[in-house]
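In what follows, a structure is listed as structure tokens, so that the remarks can point back to it.
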Amino acid sequence: MGLAAYTSSNLVNIESLRNYCLSKAGATESFPFGEETLVFKVGDKIFLLAGLSNPISFNAKCTPAWALELREKYVAIQPGYHMNKKHWNTVFYNQNLPNSLLTELIDHSYSLVFNSLPKKIQQQIHATISK
């Protein structure tokens, strides 16, 4: 299910972002950096962070080549704030990015992290969703 199912108008909000991230297999949420930063993990590895004090952006993992391409194409996608700028983007979702791109970025980040997990953990996550 795409992010559009969680949105009103074409702009995403923090609640729709949260719901979409939690719809991913094995995804969990926590606040390891304090109550102002919502963190989404799969297999105890972060795939997305979102600030709650002024919820207009999120940080998502990305392959280095695509990260550069996105930053050149969209002013609303910038090097990851407080993150490794080679592998993370900050995405300003309040700047009319298409919902299809937002979901693609979230899905891409989740997949990168999920695929980096040990096979045993990947299998455990798959086993929980097939029940």
Side-chain angles (χ1 to χ4, degrees):
M1 181 179 332
L3 196 57
Y6 298 108
T7 62
S8 56
S9 80
N10 286 333
L11 299 178
V12 72
N13 59 51
I14 193 66
E15 197 58 36
S16 63
L17 177 70
R18 178 182 177 270
N19 289 337
Y20 189 72
C21 288
L22 290 176
S23 74
K24 301 286 181 200
T28 60
E29 65 181 333
S30 62
F31 294 90
F33 307 117
E35 62 187 38
E36 292 301 317
T37 305
L38 181 56
V39 174
F40 296 95
K41 297 179 179 182
V42 60
D44 283 333
K45 290 192 175 192
I46 297 171
F47 72 91
L48 192 134
L49 301 95
L52 297 178
S53 61
N54 187 15
I56 58 170
S57 67
F58 60 81
N59 285 357
K61 196 161 190 160
C62 192
T63 58
W66 196 36
L68 291 174
E69 181 183 324
L70 289 164
R71 293 172 198 166
E72 289 175 7
K73 187 172 181 178
Y74 300 100
V75 70
I77 301 177
Q78 299 175 6
Y81 181 69
H82 286 305
M83 304 296 284
N84 179 326
K85 292 169 184 9
K86 182 177 179 181
H87 297 280
W88 289 85
N89 284 328
T90 295
V91 179
F92 290 89
Y93 57 80
N94 68 331
Q95 295 186 14
N96 292 323
L97 290 171
N99 282 334
S100 59
L101 178 59
L102 294 173
T103 56
E104 185 177 9
L105 293 170
I106 295 167
D107 293 347
H108 178 70
S109 181
Y110 173 86
S111 293
L112 284 174
V113 175
F114 182 85
N115 291 331
S116 74
L117 297 172
K119 295 294 180 204
K120 182 177 181 178
I121 294 174
Q122 289 179 23
Q123 291 168 348
Q124 289 171 344
I125 292 169
H126 281 302
T128 62
I129 59 172
S130 51
K131 287 183 179 180

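Keep in mind that this is a model prediction, so the values were computed, not measured. Position 1 is the first residue of the sequence; numbering continues from there.
At a threshold of 4.5 Å between non-hydrogen side-chain atoms, the residues Val39 and Phe31 do not count as touching.
A distance of 8.0 Å separates CG in Leu22 from OG1 in Thr28, rounded to the nearest 0.5 Å. Here the straight-line distance linking atom CD of Glu104 with atom OG of Ser111 works out to 10.5 Å at 0.5 Å rounding. To the nearest 0.5 angstrom, Asn99 atom CG is 12.0 Å from Tyr93 atom OH. The CG atom of Leu105 sits 4.5 Å away from atom CG of Leu101, with the distance rounded to the nearest 0.5 Å. Separation of atoms CG (Leu117) and CG (Leu112) is listed at 11.0 Å; rounding is to 0.5 Å. Taking NZ of Lys24 as the start and CZ of Phe114 as the end, the distance is 11.5 Å to the nearest 0.5 Å.
Sequence neighbours left out, not one pair with a member in residues 118-127 passes salt bridge (Lys or Arg N to Asp or Glu O under 4.0 Å). The side chain to side chain donor-acceptor pair (under 3.5 Å) contacts involving residues 29-50 comprise Arg18-Glu29, where partners must be two or more places apart or lie in separate chains.
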- Query: Given the rule in the side-chain contact (heavy atoms from CB on, under 4.5 Å) test, do Leu48 and Val113 qualify, once you have shown the distances and angles that lead to the verdict?
  - Reply: CA-CA 10 Å; Leu48 192 134; Val113 175; over 6 Å; no
Under 3.5 Å, which donor-acceptor pairs link side chains of residues 49-71 to any protein atom two or more places apart or in another chain?
unit_1, atom_1, unit_2, atom_2, d
Asn59, OD1, Thr90, OG1, 2.6
Asn59, ND2, Tyr81, O, 3.0
Arg71, NE, Asn89, OD1, 2.6
Arg71, NH1, Lys85, O, 3.1
Arg71, NH2, Lys85, O, 2.5
Arg71, NH2, Trp88, O, 3.0
Arg71, NH2, Asn89, OD1, 2.8

Listed pairs under 3.5 Å, donor-acceptor, residues 73-80 side chains, sequence neighbours left out:
unit_1, atom_1, unit_2, atom_2, d
Gln78, NE2, Val75, O, 3.3

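Tracing side-chain contacts under 4.5 Å through hydrophobic residues (I, L, V, M, F, W, Y), one reaches Ile125 starting from Tyr20; they form part of the same cluster. In the hydrophobic clustering of ILVMFWY residues, with side-chain heavy atoms under 4.5 Å counting as a link, Leu17 and Ile46 come out apart.
Annotation: ring pair (Phe, Tyr, Trp, His ring centres under 6.0 Å) contacts of Phe40 (sequence neighbours excluded): none.
Contact detail for Ile121 and Gly43: the closest heavy-atom pair is CG2-CA, 4.3 Å.
When only modelled atom types and interatomic distance are considered, Ser16 and Asn19 share no side-chain donor-acceptor pair under 3.5 Å.
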